[in-house]
Amino acid sequence: MASTVTPELSIIVPVYNEAAGIEAFHSSLVAVIKDYKNYEIVYVNDGSSDDSLQKLQALAGPSRAVRIISLSRNFGKEIAVTAGIQLARGQAIMTLDADGQYPVELIPKFIEQWEQGSQIVIGMRQSNQKEGFIKRYGSKLFHYLINKYSDAHLVYGSTDYRLIDREVQQAFMRMPERNRTNRGVIDWLGFERSYVPFHAKAREHGEAAYSFKKLFKLAIDSVISLSSSPLYAAAYIGAVIVPFSILLGIFMAIEMAIGDPLNLNITGGGFVLDLELLLIGVLLLSQGIIGLYLSHIHAETQGRPLYVIDETKSIRTHG
Ligand code: UDP
Ligand code: MG
């Protein structure tokens with residue numbers, strides 16, 4: 001097969017210190033996809049400090065179907081996968097982890113659904129026994145909050161075990177934001193999607209590189225890139241405090257002026273406190289206004305396209 005033939009299927013695999021398991025992973029992957037007439041496997045070495053890169057180079061050998069993109073340092077999985085997606089040449093592009101947690105046997109299912117017209121096929125995790133309490137419930141809470149406070153819709157259990165069509169890849173490349181999660185970007189893009197349920201396996205070798213701290217950062221990054229509502233939180237509180245303190249002040253003044261019928265005995269100190277409350281409300285409100293401007297600046301700096309056209313469903317010209 002000449003190298004000029006563009007592959008039908010690209011498999012993107014981010015690799016960070018996976019030397020222990022990468023060979024086993026590779027052979028299980030090849031066993032599943034070898035019957036596809038034309039595929040490429042793109043390993044993105046994300047600055048591994050073990051001998052993952054040497055192992056990958058040995059695996060690739062003279063094979064044209066294996067490509068290795070080696071990043072200059074560790075950029076993190078999201079960026080590594082982004083690099084892989086940008087460089088993929090296939091019509092269908094799959095992303096999956098190198099640790100064997102995403103069952104490679106299901107790849108044909110993803111491809112089948114793609115052939116039936118889904119432009120995005122998303123692996124849905126059913127359960128992960130080994131996952132800790134914090135990770136499981138943290139993830140549930142995260143999905144709840146994202147769906148509530150942003151216009152993206154994330155389905156609980158959706159993972160980055162995904163297939164995207166080349167058209168989605170082209171749109172993906174127009175999203176230049178720096179703090180990104182690929183899930184967030186792809187979910188924003190829309191397009192026809194379908195789901196493949198799967199049971200995540202336990203990691204086969206090595207340690208999960210995602211500590212609680214990293215997961216927390218990932219969650220914060222997604223909230224911030226998908227939603228600007230945290231910026232308004234101060235404004236909402238301020239918007240309640242300001243009228244409340246004004247009404248309270250008026251009430252206190254009238255109550256004292258008509259001879260303290262409720263026997264509240266409000267002193268000057270009470271009025272000072274109310275004035276302070278009002279000023280705090282004004283401060284919060286003005287922070288919220290800054291937040292509004294920030295959220296606009298935030299949207300501008302993200303530089304997302306205004307819209308994405310689904311070319312396969314549009315008719316631009318006749319004949
Ligand atoms: N990974 C990466 N860069 C990193 C951390 C992880 O490319 O900085 C890769 C890793 O080799 C694996 C995938 O991302 O293929 C998922 O990593 P991991 O299993 O550690 O995370 P989790 O399963 O907890 O999402
Ligand atoms: Mg993993």
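The residues of the chain are indexed from 1 along the displayed sequence. Just so you know, these numbers come straight off a predicted model, no measurement behind them. Start at 1 and go down the list; that is how both ligands and their atoms are numbered. Atom set for the values below is all heavy atoms of this structure, side chains included, hydrogens, waters and symmetry mates excluded.
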Ligand-residue contact atoms, ligand 1 with [X], heavy atoms, under 4.0 Å:
X: D46; value: 2 (C), 3 (N), 4 (C), 7 (O), 8 (O)
X: V15; value: 7 (O), 11 (O)
X: A98; value: 12 (C), 15 (O)
X: E18; value: 10 (C), 11 (O), 12 (C), 15 (O)
X: N74; value: 3 (N), 4 (C), 8 (O)

Output yes when the distance from some N or O of ligand 1 to some N or O of P14 is under 3.5 Å, and no in every other case.
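Indeed, backbone or side chain, P14 has an N or O that close.
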Q113 to V196 - nearest heavy-atom pair and separation:
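That would be NE2-CG2, 3.7 Å.
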I'd like to check [X] versus [Y] (side-chain heavy atoms, cut-off strictly below 4.5 Å). Are they in contact?
X: I68; Y: Q57; result: yes
X: Y43; Y: H26; result: yes
X: E18; Y: S48; result: no

Is it the case that R162 places NZ or CZ above or below the six-membered ring of F191, under 6.0 angstrom from the centre and within 45 degrees of the axis?
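No, a cation-pi geometry is absent between R162 and F191.
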Would you say the Mg ion (ligand 2) has D99 as a near neighbour, meaning an N/O/S atom of that residue under 2.8 Å away?
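Yes.
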Report yes or no: does S10 contribute a side-chain atom to a donor-acceptor pair with the main-chain N or O of A88 at less than 3.5 Å?
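Between the backbone of A88 and the side chain of S10 there is no qualifying donor-acceptor contact (under 3.5 Å).
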When you measure from atom 2 (C) of ligand 1 to each heavy atom in F75, Y16, Y43, which option holds the nearest one?
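Ranked by closest heavy atom to atom 2 (C) of ligand 1, first place is Y16.
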Heavy atom to atom 14 (O) of ligand 1, shortest distance: which of K77, Q101, E78 holds it?
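Answer by nearest heavy atom: K77.
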Would you please classify the geometry between the F198 ring and the Y102 ring as parallel, tilted or perpendicular, with 30° and 60° separating the classes?
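Y102 and F198: perpendicular rings.
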